Amino acid sequence: MTRPDVIRAVLARIAEDVIVVSNIADASFDLCHLKDRPRNFYMLGSFGLAPSIGLGLALSRPERVVVLNGDGALLYNLGSLPTEGRYAPANYLHLVVDNGAHGATGYQPTATSTGTDLVAVARGCGLQAQRVDTPATLDDALAAWLATGGAQLIVAVATERPAAPAPLPPYSGLEVAARFGRALASSRVPNHTKSIALGDFASGLSP
């Protein structure tokens, strides 16, 4: 599998109200290229923080939240896993595309290429976790999470490189945040009195 294959599988399964937070660089580029949607949050400038952003959203919103991450980015913010395991919102999925490399900077190898087991780390932090390495097992894992929920980490092994890089999203970080905030503000959030006031946040941004 390639990273775009993994993202296509997610897009084929999720409903329109699902929030998707994508890691800096290639994951965001691929997601935007494959299906641009207002509920995609393309994290364009903070390496490693996609799961932290996604977890906050899952804790403050009723919708399902999917984080598209990479092995290198997760290793950079490995401390996100114990926080995920501690709070464990049932509407949260952390999907890690593991190619054993920092793809955006030249495919320098990461620790997963020499044995670091992200599934074992996640389980040790209290998360449900599994590894998949074929389109069929990935689809089964996604279908199971959508059916049952539960805070979960899926490591999707992607040993093949994409044929060509995806183009950059046609938005600035400010535009991404404003559009995303407006999309979430347009839907009601029942029984979440402490939720983030994204409508107010978006109204202070331009365009």
Side-chain angles (χ1 to χ4, degrees), residues 1-54 57-58 63-77 92-108 110 112 132-139 141-143 145-146 153-184 186 198 202 205 207:
M1 290 191 293
T2 65
R3 182 182 53 254
D5 291 335
V6 174
I7 295 174
R8 282 191 196 95
V10 172
L11 292 171
R13 278 283 181 184
I14 61 172
E16 284 301 317
D17 67 337
V18 173
I19 295 167
V20 181
V21 180
S22 51
N23 179 45
I24 192 172
D26 291 332
S28 287
F29 303 165
D30 286 334
L31 177 61
C32 185
H33 181 63
L34 291 169
K35 188 174 183 179
D36 184 26
R37 46 200 291 280
R39 284 173 172 262
N40 292 348
F41 186 82
Y42 309 120
M43 196 194 64
L44 301 179
S46 302
F47 186 54
L49 292 182
S52 302
I53 294 168
L57 287 163
E63 304 99 317
R64 294 180 187 270
V65 177
V66 176
V67 172
L68 298 175
N69 208 3
D71 53 304
L74 178 54
L75 289 165
Y76 194 79
N77 184 19
Y92 180 75
L93 174 64
H94 188 170
L95 179 59
V96 180
V97 181
D98 185 359
N99 60 3
H102 293 287
T105 57
Y107 283 87
Q108 299 89 350
T110 68
T112 64
V132 297
D133 57 8
T134 67
T137 54
L138 172 60
D139 189 63
L142 292 170
W145 177 73
L146 288 167
L153 180 134
I154 298 174
V155 174
V157 179
T159 55
E160 300 176 33
R161 296 188 187 186
L168 274 64
Y171 311 108
S172 68
L174 192 65
E175 290 169 331
V176 169
R179 186 180 77 150
F180 183 74
R182 288 192 296 268
L184 298 198
S186 67
L198 284 169
L205 299 174

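Note that the numbering runs from 1 along the sequence shown for the chain. In this text the structure is predicted, and so the values were computed from the model without any measurement.
- When every heavy atom of Leu34 is checked against every heavy atom of Pro4, the shortest pair comes out as CD1-O, 3.8 Å.
- For the pair Trp145 and Tyr92, the tightest heavy-atom approach, listed with the atom from each and the gap, is NE1-O, 3.5 Å.
- Distance NE2/His33 to CG/Asp26: 12.5 Å, rounded to 0.5 Å.
- When each of Ile24, Leu31, Asn23, Val21 is tested with Tyr42 by the rule side chain to side chain contact (heavy atoms under 4.5 Å, CB included), just one qualifies, namely Leu31.
- The distance from the CG atom of Leu75 to the OG1 atom of Thr110 is 5.5 Å, given to the nearest 0.5 Å.
- Taking all atoms of both residues into account, the shortest heavy-atom contact from Val96 to Gly70 is CG1-C, 3.7 Å.
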Identify each donor-acceptor pair in which a side-chain atom of residues 8-15 lies under 3.5 Å from a protein atom, sequence neighbours left out, and give them as a table.
{"unit_1": "Arg8", "atom_1": "NH1", "unit_2": "Asp5", "atom_2": "OD1", "d": "3.1"}
{"unit_1": "Arg13", "atom_1": "NE", "unit_2": "Asp139", "atom_2": "OD1", "d": "2.9"}
{"unit_1": "Arg13", "atom_1": "NH2", "unit_2": "Asp139", "atom_2": "OD2", "d": "2.9"}

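- To the nearest 0.5 Å, atom CG of residue Leu146 and atom CG of residue Leu93 are 8.0 Å apart.
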Using atom types as modelled, flag every donor-acceptor pair under 3.5 Å from a side chain in residues 159-169 to any protein atom, sequence neighbours excluded.
none

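- Counting heavy atoms from C-beta outward, Leu44 and Ser28 have side chains that approach closer than 4.5 Å.
- In this structure, Arg37 and Arg179 approach most closely via the heavy-atom pair O-NH2, 3.1 Å.
- Here the closest heavy-atom approach between residue Pro51 and residue Asn77 is recorded as CG-ND2, 4.3 Å.
- Other residues, nucleotides and ligands place more than 12 heavy atoms under 6.0 Å from the CZ atom of Phe47.
- In terms of heavy atoms, His94 sits closest to Leu74 at CE1-CD1, 3.8 Å.
- No donor-acceptor pair closer than 3.5 Å links the side chain of Arg3 to the backbone N or O of Val97.
- In this structure, CG on Leu153 lies 8.0 Å from CG on Leu95, to the nearest 0.5 angstrom.
- Looking at Leu57 and Phe41, their side chains never come closer than 4.5 Å, going by heavy atoms from C-beta outward.
- Taking CG of Asn69 as the start and CG of Asp98 as the end, the distance is 10.5 Å to the nearest 0.5 Å.
- Between Val157 and Met1 the shortest side-chain heavy-atom distance does not fall below 4.5 Å.
- Under the 3.5 Å distance criterion, the side-chain polar atoms of Asp71 are matched with a main-chain donor or acceptor of Gly100.
- Here the side chain of Arg39 pairs a donor or acceptor atom with the backbone of Asp17 at under 3.5 angstrom.
- Between the CD1 atom of Ile19 and the CG atom of Leu184 there is a distance of 4.5 Å, given to the nearest 0.5 Å.
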